[in-house]
Amino acid sequence: MPKQGDPQDQQQPETEDRANFSARVRVSVRRRAKLYAAGHDINLQDLVDAALDEYLAKRDA
């Protein structure tokens with residue numbers, strides 16, 4: 001497992017392989033996420049990836 005600060009840790013989301021990830025969220029959260037993504041011209045997959053990455057980074061995970 002790469003340590004924090006390793007080049008592997010800094011890999012760009014565009015070049016890193018993706019894996020299936022399944023989770024259920026509240027309908028209201030899904031609606032807000034879809035509206036945000038559409039309003040900021042990004043796809044929902046990238047929004048969820050960025051949000052989860054930020055959440056984990058703030059918790060040193």
>> Once side-chain hydrogen bond (donor to acceptor under 3.5 Å, both in side chains) is applied, what residue pairs with a partner in residues 20-34 remain, sequence neighbours excluded?
In response: none

>> Run the side-chain contact (heavy atoms from CB on, under 4.5 Å) test against Ala37 and tell me which residues pass, sequence neighbours left out.
In response: Ile42, Leu47

> Is Leu56 isolated, or which residues cluster with it under the ILVMFWY side-chain rule of less than 4.5 Å, directly or via members?
Replying inline: Phe21, Leu52, Tyr55

> Can you tell me how far the CG atom of Leu44 sits from the CG atom of Asp49, to the nearest 0.5 Å?
Replying inline: 11.0 Å

> With sequence neighbours left out, which residue pairs that include part of residues 25-54 fulfil the ring-ring contact (aromatic ring centres under 6.0 Å, His included) condition?
Replying inline: Tyr36-His40

>> Asn43: which residues meet the side-chain hydrogen bond (donor to acceptor under 3.5 Å, both in side chains) condition with it, sequence neighbours left out?
In response: Asp46

